[in-house]
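Okay, structure first, notes after.
Just so you know, ligand 1 is whichever comes first in the structure, and atom 1 is the first atom listed for that ligand. Numbers for residues simply follow the sequence, beginning at 1.
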Amino acid sequence: MSVTTRREENVGYVEIDNPPVNAIGQAVRRGLLDAVRWAEKEMLDRVIVTGAGRAFAAGADAKEFDKAPVEPHLPDVLNAIDESFVPWVAAINGVALGGGAEIAMACRMRIMAPGAQIGLPEVTLGVIPGAGGTQRLPRLVGLEKALDMLTSGKPLGAQAAFEVGLAHDVDKDPVEAAFMVNTEELGCVVPTWELPAPVLDDTALSDARDRVKTKMAGQSAPLRAIDVMQAGLAVPFHDALPIERAAFLELKTADQSQALRHIFFAKRAAKPPADLSAPPFVPDHVAVVGGGTMGAGIAYALLNAGLTVTLLETDQEGMARAAANVDKIINASLNRGLITDSTAADHKTRLTISDDYTQAGQATLAIEAAFESMEVKREVFTKLEAAMTMDAILATNTSYLDVNEIAASIADPSRVVGLHFFAPAHIMKLLEIVRGDQTSDAALAVGFALAAKFRKIPVLAGVCDGFIGNRILARYREAADTVFMDGSTPWEVDEAMVEFGYAMGPYEAQDLSGLDIAHANRRRQDATRDPNRRYIPIADRLIELGKLGKKSGAGWYRYPGGGGKVEDPIVADLAIEESHFAGRTRTDYPPEEIRKRLLLAMINEAADILDDGIAQSARDIDLVTVFGYSFPRWRGGLMHHADTIGAATIVSQLNELAKEDHVAWKVSPLLERCAKEGTPIAEAKPSA
Ligand code: T1G
């Protein structure tokens, strides 16, 4: 099934039917082209094209990108629609994205259902529209709007599309509305390809390029989209299409598109383990312990998902602080138009804030987000166990501590699971679901069901210090501190990593989150730290100087007047001093050497995480690094990036670094296996 046709009187009805979202594969292209010929043979007055199910068409089938293009090619199909003497009307019932939007734009008219969307998100997959979108869109909405839609990839809702002239009408029954369009009126609509090209406004083009260079630094597709739109609009429509097609074909097999498609499909593959024996169970009443930043964010996410929440604090003062934190998030969401006043009011009716744990007696799940101290957490779990029913699931939001040790504080540790949220908990997509030694499938099932309810990306993690993401982060920071101690400065390290594609470097990021959290972790690890492992004391020196990060006015950088970051010579001097004490000779590392060391450190640590079975797959590590730690999505995540370097090269470079420090740079056995067997890291499995 791909495209069905039927006629009623002299109207043809064409339906794109390729579940679940009508991706446009070869069969759909063939079906549409056959439908054009059919309508012309039948001498129909019009054709109304719509989508079966919830989508109009989700765009080209991204699974076909790595294959050689097969005829009929979409540009040719859409030219046939656009140039046909039988006018087509697009009845857009759902999302019309990418090629789906291009089909709609090749039609004479577009009528959208109120909840439908239309857009060209190709750049989010590392490509550009390849079927006339760069040339039809500006003819319909003007250059400036077209540049914005093309480079951002953001779709328009029905009303917005109507207001910019992309849709002729909004109607809850677009097919019926398309039938009712006056034949004469329809006959007077100029085919899209014949519309005049908008004037090439240099300011609009340069503004678009500036915007992309800032917001999408390092990405090829957005800039290429601007170049193709500009070049195409300067020549006749049919001369423009080969220019567009050539750029599309080149981009779709390039690294960045492969990386972005890897993440696109990895996100959708993030599901419960196949062998999970318990059915997904979404609780309707959840207790959250701790109304600080994380607890309030988790509570808000639960409220937003329609659940009832009991937010527990230690006393009246804590309750007031919790209420203020939740209100702050609700007001921010109201101000950004993400929720309405009535939704905000409804949220508050489902929220109880209390210091009495028995208020959570009927909750079927508790999420502990209390202070990051084992003693505090064990006390909280004891109180939850006493207050809640025996089958309630008890989750901890700890970001580092041993879930098994927390679980041991109650009689039945199988009820305990780690649900590691990332700040801000109601915004960040990643959720690490940490399986303790005795965590039951029922407890895991609740975690995965909650992730689906929140539309978060669940990643199963085993128990170790920092699970997947924070363990990689700790190694990343250690490598950065080592480079800093041995010759660089925090700003040189940050600049090197921003150039790689991070939104900010490791030092600026620490200043934002606060240096005290990592400091507390280092102190906790003092007793078990490997005495043979080199320890970099610079961060400790900052704590002694009261430099806790932006919140204290200074950390690795200074923030005069709470404003932007300023390099701090005192911090640079600390490294020189500590390096002297340690008898080190400092080296001036160039940016590419800084990047190489920090990336190899993370890749090696991640390989051990995979080898230890803490992560289930390299793909999961890619999801964690992209959605929890801002690894550039267009590089596909840490392990996808590693495969672009190759395990053999990585092992060779690590062996070189191990000559400097054989402890910190000990090569992961998993990388050695991949290098020896010539297998991609993406296919690597734990050694056990
Ligand atoms: N190709 C292949 N599979 C797709 C797909 C696509 N374009 N879009 C979705 N799927 C699969 C998805 O992997 C999942 O599979 C299932 O459909 C449901 O998707 C020629 C070159 C449409 C908004 O970038 O944004 O057109 O996990 O879970 O949350 O110029 O899918 O069930 O096996 O995401 O309701 C441009 C991509 C392509 C749109 C629906 N189009 N898709 O979201 O469901 S390039 C896009 C989406 C192009 C032209 C160019 C979303 C959605 P499975 P889902 P959803």
Top protein contact for [atom], by heavy-atom distance:
atom: atom 14 (C) of ligand 1; answer: R268 CD, 4.1 Å
atom: atom 7 (N) of ligand 1; answer: A60 O, 3.0 Å
atom: atom 15 (O) of ligand 1; answer: K63 NZ, 4.8 Å
atom: atom 25 (O) of ligand 1; answer: L97 CD1, 4.1 Å
atom: atom 30 (O) of ligand 1; answer: E102 OE1, 2.5 Å
atom: atom 55 (P) of ligand 1; answer: R54 NH1, 3.8 Å
atom: atom 45 (S) of ligand 1; answer: F65 CZ, 3.6 Å

F631 ring centre to R633 NZ or CZ under 6.0 Å, with the angle to the axis within 45°?
-> no
Please round to the nearest 0.5 Å and tell me the distance separating atom CZ of R29 and atom CG of L74.
-> 7.0 Å
Please identify which atoms of ligand 1 are closer than 4.0 Å to at least one heavy atom of [X].
X: F248; answer: 21 (C)
X: P20; answer: 16 (C), 17 (O)
X: G59; answer: 26 (O)
X: P121; answer: 24 (O), 41 (N), 46 (C)
X: G98; answer: 26 (O), 36 (C)

With no hydrogens and no angle check, just 3.5 Å: does a side-chain donor-acceptor pair link [X] and [Y]?
X: Q258; Y: T253; answer: no
X: T50; Y: E15; answer: no
X: E83; Y: H238; answer: yes

Taking the ring centre of each residue, are [X] and [Y] less than 6.0 Å apart?
X: H641; Y: F500; answer: yes
X: F627; Y: F422; answer: no
X: F454; Y: H426; answer: no

Run the contact test for [X] against ligand 1 with a 4.0 Å cut-off on heavy atoms, strictly below, and give the result.
X: V21; value: yes
X: A55; value: no
X: G133; value: no
X: R455; value: yes

N/O to N/O below 3.5 Å, does that happen between [X] and ligand 1?
X: G130; answer: yes
X: I128; answer: no
X: G99; answer: yes

Please check if a non-hydrogen protein atom sits closer than 4.0 Å to [atom].
atom: atom 21 (C) of ligand 1; answer: yes
atom: atom 17 (O) of ligand 1; answer: yes
atom: atom 1 (N) of ligand 1; answer: yes
atom: atom 32 (O) of ligand 1; answer: no

Just heavy atoms, cut-off under 4.0 Å: does [X] contact ligand 1 by side chain, backbone, both, or neither?
X: L120; answer: neither
X: A58; answer: both
X: K252; answer: neither

Should we count CG of D255 as having more than 12 external heavy atoms under 6.0 Å?
-> no
Report yes or no: does [X] contribute a side-chain atom to a donor-acceptor pair with the main-chain N or O of [Y] at less than 3.5 Å?
X: E102; Y: P129; answer: no
X: R46; Y: W88; answer: no
X: D441; Y: S277; answer: yes
X: D643; Y: I681; answer: yes

Please assess Y300 against S333 for the test side-chain hydrogen bond (donor to acceptor under 3.5 Å, both in side chains), listing each intermediate value before the final yes or no.
-> CA-CA 10 Å; Y300 179 79; S333 300; 2.9 Å; yes
Heavy-atom proximity to atom 5 (C) of ligand 1 ranks first, among F56, F265, F264, for F264
Out of L125, L260, I24, D61, whose heavy atom sits nearest atom 24 (O) of ligand 1?
-> L125
Passes side-chain hydrogen bond (donor to acceptor under 3.5 Å, both in side chains), H262 versus D622? Steps please.
-> CA-CA 9 Å; H262 165 67; D622 289 338; 2.8 Å; yes
Of the non-hydrogen atoms in T625 and L638, which two are nearest, and what is the gap between them?
-> OG1-N, 3.3 Å
